[in-house]
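What follows is a set of notes on a single structure, which appears directly below.
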Amino acid sequence: MKIAVVGGGASGIIAAISAARKGADVTILERCDRIGRKILATGNGRCNYTNINASIKNYHGKNIDFIKAAAKKFWVSDTISFFKEIGMLTKVEDNGKAYPYSLQASAVLDVLRFELQNLQINIKTNFEVKTIEKKDSRFLIGSYSCEQEYADKVILSTGGKASPALGSNGSGYEIAKKLGLRITDLFPALVQIKTETNFVKALKGIKIDAKVTAAADNLSETSIGEVLFCDYGLSGPAVFNVSRFCAVNKNVKIKLDLLPEIDYNNLHKILIKRKSKNISLENYFIGMLNKKIGIVLMKYANVLPLTRRSDTLDFDEITRLCIAIKAFTLNVTGTMSWNNAQVTAGGIITDQIDPESFECKKIKGFYITGELLDIDGDCGGFNLQWAWSSGYIAGLHCASENNNA
Ligand SMILES: Cc1cc2nc3c(=O)[nH]c(=O)nc-3n(C[C@H](O)[C@H](O)[C@H](O)COP(=O)(O)OP(=O)(O)OC[C@H]3O[C@@H](n4cnc5c(N)ncnc54)[C@H](O)[C@@H]3O)c2cc1C
């Protein structure tokens, strides 16, 4: 049986491996001049390839239950075993984030490439698929440069629209649309957030740990972790995790709790006590917060001038400073673009796909994996886990003659 895997990214590569292990004749068709480019850029070059705490709660999409079947068939421990078997050991760091033991993303791609070679999987690079048509019982695959390929079955693994420079330019959605598949609206996710800039600009380059809450109307989403101040707004993993919320809702406000370990009442007491140090307001937060953040907080809370002595602070001003620390609030003006995003929120609507096999319900022999589907994960290894799970299962099922994988 001849299987074409369209897209040589994370989900396509593992799909090709699991199909070839079942004896199928597999060809990967990849638009770039090499496969797996995005893998090299993941996890800041270290590839946070899964997360040992991954659960359904880490995912988003219209129908999250869709992932339950995959989570039973091929999940985190299966992924770690898969990589161990092909030669890669794993290191687990904070919050369950798993990396290759060498902390090099290239190790992930290398061991996958070795396995592709062992299994004699064909790879056609610079082959950008434009159309896929079902002709009788086979698929005719056409490229932008008018090349053609035939296959008995096809796995569409072209990724989403995020970071097109790394290969995934959204063309998979066009292919799916031409085949009559329905797609949700698409938004950049795990991306930097643009905010009003009058306060953040002065903090450019400062990293802190904070509790980040994005809120609009009666809805909100919260994440705790690293935040990086930028001249256009905010970045960092905790910000990425609420960026999906900012993309899909209107009039969003971001609230930062800059000292999440200390509750409001205790903070109030600490600030009252600190008054007696009788230092200038410019230095009031030194030892508690980054000095520049302290100065911005004074301006934000309108507790000025900075040359004033701290023993002149009154109860109301201390309250305003507490609120500034616990709820430093910024209006969101948007998110950064697809060029900066790590993943796509939205995608091919999953009620058209069999969750047990990733086969398209109305096009037999046609499978869809990874980020193309309306499933996206939080920051921390969850998106690659989805790519491995969906790809592995699709490849296995696709190559099983009786399709009972
Ligand atoms: C900078 C960055 C860092 C990230 N870090 C992490 C991380 O540490 N952990 C994590 O879990 N996730 C991370 N992600 C997200 C993760 O990489 C993706 O969710 C995952 O790679 C999606 O896998 P995929 O197989 O669906 O698509 P992709 O990996 O995007 O692969 C799609 C492939 O298809 C090819 N292609 C596209 N269109 C065509 C076409 N028409 N014809 C032929 N080939 C085509 C592309 O060139 C590409 O090779 C990161 C993403 C980015 C951009």
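Atoms within each ligand, like the ligands themselves, are counted from 1 in listed order.
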**OP:** Taking atom types as modelled, find out whether N51 and K97 have a side-chain donor-acceptor pair closer than 3.5 angstrom.
**Re:**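 Short answer, no.
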Subject >> Non-neighbouring partners of F187 that pass ring-ring contact (aromatic ring centres under 6.0 Å, His included), sequence neighbours left out >> reply: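 Once residues adjacent in sequence are excluded, F187 has no partner under the ring-ring contact (aromatic ring centres under 6.0 Å, His included) criterion.
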Original post:
Which salt bridge (charged side-chain N to carboxylate O under 4.0 Å, His left out) pairs, counting each pair once, include a residue from residues 118-131, with sequence neighbours left out?
Top reply: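 Only R31-E128, K124-E149 qualify under salt bridge (charged side-chain N to carboxylate O under 4.0 Å, His left out).
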Against heavy atoms of [X], which atoms of ligand 1 measure under 4.0 Å?
X: E128; result: 41 (N), 42 (N)
X: A41; result: 1 (C), 3 (C)
X: S11; result: 24 (P), 25 (O), 26 (O)

Provide, to 0.1 Å, the distance between [atom] and the closest protein heavy atom, together with that atom's residue and name.
atom: atom 44 (N) of ligand 1; result: R31 N, 3.1 Å
atom: atom 18 (C) of ligand 1; result: E371 OE1, 3.2 Å
atom: atom 11 (O) of ligand 1; result: L384 N, 2.7 Å
atom: atom 48 (C) of ligand 1; result: E30 OE1, 3.5 Å
atom: atom 30 (O) of ligand 1; result: K38 NZ, 2.7 Å

Original post:
Does the ring centre of F358 sit less than 6.0 Å away from the ring centre of F66?
Top reply: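 Centroid distance F66-F358: below 6.0 Å, so yes.
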Original post:
Closer than 4.0 angstrom: is that true for some heavy atom of S157 and an atom of ligand 1?
Top reply: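 Yes.
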Original post:
F127: heavy atom below 4.0 Å from ligand 1, yes or no?
Top reply: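 F127 counts as a contact of ligand 1 under the 4.0 Å cut-off.
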Just go through [options] and tell me whose heavy atom is the nearest to [atom].
atom: atom 29 (O) of ligand 1; options: P164, G8, A10, G381; answer: A10
atom: atom 40 (C) of ligand 1; options: S171, G167, G7; answer: S171
atom: atom 8 (O) of ligand 1; options: G43, G36, G9; answer: G43

